[in-house]
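Below is one structure; the comments refer to it alone.
Computed from heavy atoms alone, side chains included, the values below leave out hydrogens, waters and symmetry copies. Convention: sequence-line order gives letters A, B, ...; per-chain numbering from 1.
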There are 2 protein chains.
Amino acid sequence: MHSEGVASRSTEHRDSARESRSGTPQLDAVSLAIIEQLQEDGRRPYAAIGKAVGLSEAAVRQRVQKLLDQGVMQIVAVTDPLTVGFRRQAMVGVHVEGDVDGVADALSAMSEVEYVVMTAGSFDVLAEIVCEDDDHLLDVINRRIRALPGVRSTESFVYLKLKKQTYMWGTR
Amino acid sequence: MHSEGVASRSTEHRDSARESRSGTPQLDAVSLAIIEQLQEDGRRPYAAIGKAVGLSEAAVRQRVQKLLDQGVMQIVAVTDPLTVGFRRQAMVGVHVEGDVDGVADALSAMSEVEYVVMTAGSFDVLAEIVCEDDDHLLDVINRRIRALPGVRSTESFVYLKLKKQTYMWGTR
DNA sequence: TTGCAGTGTGCGGATTTCGCAGGACGCGGG
DNA sequence: CCCGCGTCCTGCGAAATCCGCACACTGCAA
């Protein structure tokens, strides 16, 4: 009855597996499968997940807790701020000279900034910001971001309409 | 004991409230408060949410279900694909001539595309894509996206490192 | 007024979550 | 070899949560 489990688990070394340069512990196939289940429905019961991945309810619960503690994943409600209400949203591309990582950290520290990623391309950093209104948006971009040491210039893309937003890279 | 509830609810018309141009029903303060709770923890029990927003457990449950059904919010596990494993990720800025909406829809239809937003700025559309590897990424950008009718040109920003990712626009 | 749709409440019963006591396994030291 | 240790899994009750349902209240329109 357990035969359709995702991983055999009996002949593999779970944790000794390769580990990327960063300090993040690599995940095995079972944890990936658990994440996929929760990408479909963040409130799915542990027992249902266990049946899908071939594990007991308690085991799934322990793994999910660990993934949460490690910061590998988070279970949250996501919305389109523009749809939910008033508020201005924009993506800001930043050109940096010098300490890119420092600028990214400074951006991350701002509460209006929801998303920060370092990129290879004409921008060094992309940051998504959510504001109350145009004044607030202007203040964040011109007063705060452009004032950061190392920021050479920025380019803004004010959001007009969100067309798609999913989190199911696993299930394809 | 109920006195610290978020909205008085007794003297306001809940649904007759203003409605944005789009077909999305506007949310009242209580639903906003519920969403905020779930932005902190997508698995928070209905009873706990009810206590926080001043509603019964059953009422919270009905509202959450409706928000889910309406597509106003989704409760899901989110991760950083780069951290979770192999895979290439990038943001693509698209210059469009003509039917911007059509291009955005076409992008949304692609499974590799996780996020699509129409913007005001030098790009007409921004799209975030998640791929297996470089070959896959190249194929999606050069073969599929650039081939879409109306796409004049694109610019790619390959992700090097995700620095921040939150969903708590409500709680500030 | 009457009927109806939408929303909230209270209440059991089914389900799920939670904590904890083992048991199995791999690994390294004595 | 075998013993201790850490990790992960399983199997339980007990407690908490989820769920469906009947009913009350409100605003609105026929």
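- Salt-bridge formation is detected for the pair B:Arg88/B:Asp134: a Lys NZ or Arg NE/NH1/NH2 atom is positioned less than 4.0 Å from an Asp or Glu carboxylate oxygen.
- Ring geometry, A:His95 versus A:Phe123: the interplanar angle falls from 30° to 60°, so the pair is classed tilted.
- Shown here are the side chain to side chain contact (heavy atoms under 4.5 Å, CB included) partners of A:Lys163, two or more places apart in sequence or in another chain: A:Lys161, B:Asp101, B:Ala104, B:Asp105, B:Ser108, B:Val116, B:Met118.
- Salt bridge present: B:Glu112 and B:Arg144 bring a charged side-chain N and a carboxylate O closer than 4.0 Å.
- We find that A:Arg87 and A:Glu132 are joined by a salt bridge, their nearest charged nitrogen and carboxylate oxygen being less than 4.0 Å apart.
- Regarding A:Asp69, its CG atom lies at a distance of 13 Å from the P atom of D:dC8, rounded to whole Å.
- Rounded to a whole Å, the CG atom of B:Leu68 is 11 Å from the P atom of D:dC19.
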Identify all pairs in which a protein N or O lies below 3.5 Å from an N or O of nucleotides 16-20 of chain C, and state each distance.
unit_1, atom_1, unit_2, atom_2, d
C:dT17, OP1, B:Arg43, NH1, 3.2
C:dT17, OP2, A:Tyr46, N, 2.9
C:dG19, N7, A:Arg61, NH1, 3.3
C:dG19, O6, A:Arg61, NH2, 3.2

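- Atom NZ of B:Lys66 is separated from atom C1' of C:dG6 by 7 Å (rounded to the nearest Å).
- Across all non-hydrogen atoms, the minimal contact from A:Leu38 to A:Val64 is CD1-CG2, 4.0 Å.
- Defined by atom type and a distance below 3.5 Å, a donor-acceptor pair is present between the side-chain atoms of A:Tyr115 and B:Glu128.
- Atom P of nucleotide C:dG6 and atom CG of B:Asp28 are separated by 16 Å, given to the nearest angstrom.
- The closest side-chain donor-acceptor pair between B:Asp69 and B:Gln65 falls under 3.5 angstrom.
- Here D:dA16 presents its P atom at 11 Å from NZ of B:Lys51, a figure rounded to the nearest Å.
- The terminal axes of the helix from C:dT1-D:dA30 to C:dG30-D:dC1, fitted over 5 pairs per end, subtend an angle of 20° to the nearest 10°.
- B:Ile49 has its CD1 atom 16 Å from the C1' atom of C:dG8, to the nearest Å.
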